[in-house]
There are 2 protein chains.
Amino acid sequence: MALTDYPQPSVTVDILIFTIRNNQLNVLLIKRKISPFKGAWAIPGGFVRIDESLEDAAIRELKEETGVEADYLEQLYTFGDVKRDPRGRVITVTYFALINSEKLKLKSSTDASEAKWFPIDKIPKLAFDHEKILKYALQRLRWKFEYTLVGFSLLPKKFTLSQLQKIYEIVFNKKFDKRNFRKKILSLGILKEEGIDKNVSHRPPMLYSLKKNVKNIVEIL
Amino acid sequence: MALTDYPQPSVTVDILIFTIRNNQLNVLLIKRKISPFKGAWAIPGGFVRIDESLEDAAIRELKEETGVEADYLEQLYTFGDVKRDPRGRVITVTYFALINSEKLKLKSSTDASEAKWFPIDKIPKLAFDHEKILKYALQRLRWKFEYTLVGFSLLPKKFTLSQLQKIYEIVFNKKFDKRNFRKKILSLGILKEEGIDKNVSHRPPMLYSLKKNVKNIVEIL
DNA sequence: ATGCCATATTGTAATTTATACATTTAGTTA
DNA sequence: TAACTAAATGTATAAATTACAATATGGCAT
């Protein structure tokens with residue numbers, strides 16, 4: 001039953017899937033197999049089904065492309081310019097996802113499809129308005145790292161302060177002072193010591209985990 | 001031409017229109033004249049036309065309800081739960097708008113329709129999932145006041161520091177120290193002196209305006 | 001002219017937070 | 001046991017935040 005007699009736009013969900021690979025921030029892109037923009041790289045996505053929520057659609061797309069679930073997922077922005085898709089009126093609700101590099105190894109090689117990880121400083125020309133969308137997503141990503149704890153979702157449950165610092169350095173593409181970084185993070189009072197990791201051939205580091213119920217609010221850096 | 005054979009959701013734009021009236025933060029609501037939720041108050045909105053962008057739709061709705069243009073407008077979030085509208089699948093892209101209290105006087109009495117301003121601490125039961133949406137909007141509003149200069153859009157071009165402080169006190173519902181507030185604002189280096197306002201029956205205040213090209217970036221408070 | 005009223009304007013000390021910067025420690029490996 | 005690797009640590013300075021109260025400038029009433 002249509003709620004209005006007027007023609008309605010189509011609705012898609014596109015998802016920006018970020019991870020860290022080879023000490024670089026990467027985003028997953030797919031190669032378009034059909035026109036328009038056939039052969040061009042694009043942000044993965046698809047139509048929203050009538051019986052699934054937007055978030056469910058994002059989760060489904062994510063799973064289709066990567067085989068795993070996101071360690072962090074949030075809605076990004078809805079792009080709805082009239083001519084953003086040459087085929088007709090298409091509104092796209094975008095999400096961004098973070099995937100922990102550990103899981104990643106399970107999958108990224110498995111799928112022989114047209115999906116590929118791109119370091120964010122080596123992005124090819126993209127289809128539709130996807131360059132604008134990616135740019136927006138990177139802004140939001142950095143903002144989130146600065147003011148929230150999303151960064152921790154890229155780490156295993158137990159991690160060292162050096163690992164954490166590395167992630168921040170990759171995302172912001174700059175070095176931080178080790179002493180100040182540690183001081184800052186520890187002063188937040190959000191970490192729990194988890195014992196020492198002896199499996200290294202140098203001074204063994206302390207492992208930490210995020211305290212329970214610490215997921216929001218806190219400001220970092 | 002449909003891009004997919006599957007049934008598609010409908011798309012609406014809802015807009016949260018905020019202003020300051022009687023020293024209180026107010027939001028504009030409309031009384032529903034049809035089922036479902038007939039007689040209940042709701043956030044104003046309507047269907048997106050096939051030939052207008054989402055933002056254009058928001059601007060149109062805003063103008064229909066208030067007769068004026070927003071002093072600030074931004075997309076808020078897109079709500080798309082499957083059962084949020086009992087009539088069928090409706091995705092709503094929400095916007096929030098700020099309207100300067102000066103303009104307001106021109107209009108708010110003019111329109112004899114079912115629209116009404118509500119102080120945000122006296123909101124009635126709302127239709128659909130609109131309570132959730134309003135709550136989200138208030139969070140975002142406060143966040144924006146804290147970290148950006150949107151607050152200035154509620155003031156006339158020339159304003160006093162007391163007026164500015166008042167707006168912040170209303171939005172955050174708390175008092176700020178006068179000396180520290182002024183220190184903070186002035187230290188941002190974003191204000192230009194505009195001479196003294198003699199039309200008061202007490203010590204005349206300095207008028208300020210926002211310097212040109214200062215619209216983003218800066219962090220307040 | 002004087003005193004009253006209302007709001008605007010101003011400063012300083014104490015505390016907290018941010019920044020800059022180099023050495024020592026604990027383990028492995030040759 | 002010497003060399004290597006990454007982990008852990010402290011201190012002085014600067015900058016930002018907080019707490020707090022008296023004086024200034026005009027209009028208005030007498």
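Just so we're on the same page: letters track the sequence lines, and every chain starts at 1.
- B:Phe181 has its CZ atom 13 Å from the P atom of D:dT18, to the nearest Å.
- In terms of heavy atoms, A:Asp14 sits closest to A:Gly46 at OD1-N, 4.1 Å.
- DNA chain C is contacted by B:Ser162 of residues 157-167 of chain B, taking any non-hydrogen atom closer than 4.0 Å.
- The nearest whole Å value for the distance from the CG atom in A:Asn199 to the P atom in C:dA26 is 19 Å.
- Annotation: side-chain hydrogen bond (donor to acceptor under 3.5 Å, both in side chains) contacts of B:Asp56 (sequence neighbours excluded): B:Ser53.
- B:Leu186 has its CG atom 11 Å from the C1' atom of C:dT10, to the nearest Å.
- When the P atom of C:dT10 is taken as reference, atom CD1 of B:Ile185 falls 15 Å away, rounded to whole Å.
- By the 30° and 60° cut-offs, the orientation of the rings of B:Phe79 relative to B:Tyr136 is perpendicular.
- Aromatic ring orientation, A:Phe145 versus A:Tyr168: perpendicular (interplanar angle above 60°, classes split at 30° and 60°).
- Side-chain nitrogen and oxygen atoms of B:Lys184 include at least one within less than 4.0 Å of the OP1 or OP2 phosphate oxygen of D:dT17.
- One can place CG of B:Leu207 at 12 Å from C1' of C:dA8, the figure rounded to the nearest angstrom.
- Note on ring orientation: taking the six-membered ring where Trp is involved, the planes of A:Tyr147 and B:Tyr147 are tilted (angle from 30° to 60°).
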- Note on the structure: Its contact letters, B for base, S for sugar-phosphate only and - for none at protein heavy atoms under 4.0 Å, make nucleotides 20-30 of chain D read BB--BBBS---
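- Applying the ring-ring contact (aromatic ring centres under 6.0 Å, His included) criterion to B:Phe118, with sequence neighbours excluded, gives B:Trp41.
- Atoms CD (B:Glu193) and C1' (C:dA8) sit 13 Å apart, rounded to a whole Å.
- For B:Arg140, the salt bridge (charged side-chain N to carboxylate O under 4.0 Å, His left out) partners are B:Glu74, not counting sequence neighbours.
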Check: residues 119-133 of chain A side-chain donor-acceptor pairs under 3.5 Å, at least two apart:
residue: A:Asp129; atom: OD1; partner: A:Arg84; partner atom: NE; Å: 3.4
residue: A:Asp129; atom: OD1; partner: A:Arg84; partner atom: NH2; Å: 3.0
residue: A:Asp129; atom: OD2; partner: A:Arg84; partner atom: NE; Å: 2.8
residue: A:His130; atom: ND1; partner: A:Ile43; partner atom: N; Å: 3.0
residue: A:Glu131; atom: OE2; partner: A:Leu126; partner atom: N; Å: 2.8

